Structures are given as structure tokens and as C-alpha cells.
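So the structure is just underneath, and the comments pick up after that.
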Amino acid sequence: MVTGAAGFIGGHVVAALEASGHHVVPLDLRSGGDVRDAALLDRLLAGADAVVHQAAKVGLGVNVADLPGYASVNVYGTAVLLAAMAARDVRRLVLASSMVVYGEGAYDCARHGRVRPGPRRADDLARGSFEPSCPRCGDDVRYAAIGEDAPVDPRNAYATTKLAQEHLAANWARETGGTAVALRYHNVYGPGMPRDTPYSGVAAIFRSALEAGRAPRVFEDGGQTRDFVHVRDVADANVAALAGGRTGCLTAYNVASGEPHTVGEMARELAAQRGGPEPVTTGEYRLGDVRHIVAAPHRAAAELGFRARTGFAEGMKEFAGAPLA
Ligand code: UD1
């Protein structure tokens, strides 16, 4: 069973699963299937041998009025799903998690080694000082690739609920002897990405602006770094996760390209591929944003046999011309 089967990532996951010979039972709110509906889950799970759980309320949220929605869909929904899986003795779960569980990424200070900078301060950001500094001496720090054992630090409702899903899945695995694989997606992009909404990621926002003939607005100084991973690679990671991984527990894996780029580079690449307009760097900032978050992709390669295949230039070229949802 694939939950969120009609969504951006879920749709690609279903296609990849079917291409590799799986029979998929889809569930999606758009076709009336709510992941919080225990009776429905019980019917759909009869005969299922695994669940790929993509259904979620995504994005950054607008304000605290969103909290009940995040908690209900993401936390309660996952709890209902896990209970239904246990009742039907379904032993394998692949969970769509997120790199946002890490909070600000990993940094190295020349004097203090690996450090975890706290949230950036509004007055620093307002005067254009965007780089985090060492929490111990205040010196400059360099970002490093983050591994799955890094401490978690969820900083918004979405991140908190993704982490809660991981914890609930770990409880389920321990209680039932099941196997849970949490795929911590980095910044997913590609064909069928939903267009610009308050909940959209930056790639969709830039792509929507370009389609409307507007310049992408690059916040901060454009030097913030992300790992942009193609949605077909993410789908392949889900297929790999059904077969691999450590059994009888929850294991988390970064799902990333392994090729970091700045938000400014991404804007320039997309604009160039569409023939303009050129991006503008605005110096605006959002308090909740992290500066650099870049993945170490080695665990997924070693244990799931997953490596992203779509390079940045190739993927952005396709995305520049591909339809949005
Ligand atoms: C995004 C998702 C998050 C998901 C994660 C991993 C959103 C809102 N965030 O986090 O849910 O878990 O990827 O897949 O969907 N920016 C601009 N101009 C804009 C908008 C944003 O320059 O118009 C910049 C931001 O300042 C930030 C960067 O782009 O530095 C990335 O923003 P965004 O995609 O919204 O959030 P992520 O933190 O990467």
C-alpha cells in the first residue's frame, strides 16, 4: 500500500514500484482515502506485505493555527496506520521523513571542531550577516555534510511531526518485530511538483515565478546551501528501501544527490534554462530558515544500494520545462 499515492512524490513512487513489478494499493485524500480512517486501512491492508507512507501535510506552515492540522494528519494519521499494520501483521514500513529533523546542519569550527550553532538571530540577519558562527567562540564555521546519527533538532511544526512519525515507527518496529526505514528526503524537485503555495519548497517557487515571467527572488545573499534531489531518484530510493535496510528496527537514511548547490545557483540554472528573467537577490530572510543543510549520502548507498542518478544540470534542465501540478 502506498499512502499519498496521488501526491507529487507519491505519484512517482507508485510509478517506480509498478515498473519494478510491485502491485500497488493506492490511498490518497484526493480520492477520498484518509490515512486516519482505521476501518478503511484495515480493508486495504488485507493481503498487503508493506506500506510506503508518503501521505502528509507538508511545507513550513503559515502560523500556529496550522498546528492541529500537522499533528492530526502526520502524527495521529501515522499512529492509526501503524496500529492497522500491526493488526494485519504487515511487517515492513517505508516512511517519508525529512532532512528538516536535523535543524541547522553540521558545522566545524577551527578551534572547537564539530559544533551545533543555535538559531540565527534576527538582528544578525537584518544586517546581512547570514552565516552561523561558533556557539562557543563566535568565530566563523564551515558547513559539513550531515550524517544520520547527527542529533535531531526539529524547529517547526512540520519537522516536529516528521520526527514524531520516526519515533512512532520505531516503537512499532520494536513491539512487532517489523522493519521501518525512514527516508530523510533533502530538497526534492522534478516534474509534477506543486506550484507556488505558502507550503511550497523553493524550487517550485522559482519555477512558478519564471513561468509567470517574473524573476526568482533569492533570499539572503543566495549563498545558502541545499542538496536538490530529483523526484525519480527519491522514488528509486523508496523501491530500494522495500528490499534493503536493517531488519527489526527503524533505520534512517539521507536521500540526497550528494552534490550540494546554493539556492542562488539553483535560481540561475533554472532561469538560464528557461531563457530568463534573471534572478534577483533580495537580502530578505525568514527567521525559521536554516543556512546550510547538506547530506552525507553514504549510508543509503551502503545499506540500500541507493545512489541518485540525476545530475544537477540535467535535472534542472528537465524541471525548467516540465509541467507543474
Ligand atoms: C524544504 C521544505 C521542507 C522539506 C525540505 C526537505 C518547504 C517550505 N520546505 O525545506 O518541508 O522537508 O525542503 O525536502 O517546503 N528561498 C528563497 N526564495 C524564496 C523561497 C525560499 O531564496 O522565494 C530560500 C530560503 O530562504 C531557504 C531556501 O530557499 O534558504 C530553501 O527554502 P525552502 O525550500 O522553503 O525550505 P527548506 O528549508 O529547504
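Both ligands and their constituent atoms are indexed starting at 1 by order of listing. Computation of the quantities below employed the complete heavy-atom set of this structure, encompassing side-chain atoms and omitting hydrogens, waters and symmetry-equivalent molecules. Being a predicted model, the structure only gives us computed values, none of them experimental.
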In ligand 1, which numbered atoms sit nearer than 4.0 Å to a non-hydrogen atom of [X]?
X      : value
Ile205 : 20 (C), 23 (O)
His186 : 6 (C), 14 (O)
Ser98  : 4 (C), 6 (C), 12 (O)
Tyr158 : 11 (O), 12 (O)
Met99  : 5 (C), 6 (C), 10 (O), 13 (O), 39 (O)
Tyr185 : 6 (C), 14 (O)
Val218 : 22 (O)

Pairs meeting criterion salt bridge (Lys or Arg N to Asp or Glu O under 4.0 Å) with involvement of residues 21-31, two or more places apart: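 The answer is none; no pair qualifies.
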Residues, nucleotides or ligands: over 12 heavy atoms within 6.0 Å of Asp140 CG: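 Result for CG/Asp140: open.
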Close approach, Phe206 and ligand 1, non-hydrogen under 4.0 angstrom: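 Under 4.0 Å: yes for Phe206.
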4.0 Å heavy-atom contact, Val263 with ligand 1: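 Right, Val263 reaches ligand 1.
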Check: Phe219 N/O within less than 3.5 Å of ligand 1 N/O: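 Among all N and O atoms of Phe219, at least one is under 3.5 Å from an N or O of ligand 1.
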Min N/O separation Glu220 to ligand 1 under 3.5 Å: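 It does not: no N or O of Glu220 is found under 3.5 Å from an N or O of ligand 1.
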Region of Asn187 that comes within reach of ligand 1 [heavy atoms, distance under 4.0 Å]: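 Both backbone and side chain of Asn187 come within 4.0 Å of ligand 1.
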Part of Ser200 within contact of ligand 1 (heavy atoms, under 4.0 Å):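 The answer is the backbone.
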Donor on one side chain, acceptor on other, Glu131 and Tyr107, under 3.5 Å: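 Short answer, no.
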Donor-acceptor side-chain pairing of Glu269 and His261 below 3.5 angstrom: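 On atom types as modelled, these side chains do not qualify, holding no pair under 3.5 Å.
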Result of checking His53, Glu166, Gln165 against Ser97 for side-chain hydrogen bond (donor to acceptor under 3.5 Å, both in side chains):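 Answer after filtering His53, Glu166, Gln165: Glu166.
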Heavy-atom check, side chain of Pro132 versus side chain of Glu104, under 4.5 Å: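 Yes, at least one pair of side-chain atoms sits under 4.5 Å.
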Note, Thr176 side chain near Met85 side chain (heavy atom, < 4.5 Å):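 Of all side-chain heavy-atom pairs linking Met85 with Thr176, none is under 4.5 Å.
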Within one Ile-Leu-Val-Met-Phe-Trp-Tyr cluster: Tyr143 and Val115, side-chain cutoff 4.5 Å: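 Linked, Tyr143 and Val115 end up in one cluster.
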Verify same cluster id: Leu304, Ile9 (apolar side-chain graph, 4.5 Å):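 They do share one cluster, since a chain of ILVMFWY contacts under 4.5 Å joins Leu304 to Ile9.
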Option set Ile293, Thr282, Thr281, Val202, criterion heavy-atom distance to atom 21 (C) of ligand 1, minimum: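 The nearest heavy atom belongs to Val202.
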Shortest heavy-atom approach to atom 36 (O) of ligand 1 - which of Arg217, Arg184, Arg286: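 Of the listed residues, Arg286 has the closest heavy atom.
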His230 and Tyr189: CA distance, side-chain angles, deciding distance, ring-ring contact (aromatic ring centres under 6.0 Å, His included) verdict: CA-CA 5 Å; His230 195 278; Tyr189 73 97; 5.3 Å; yes
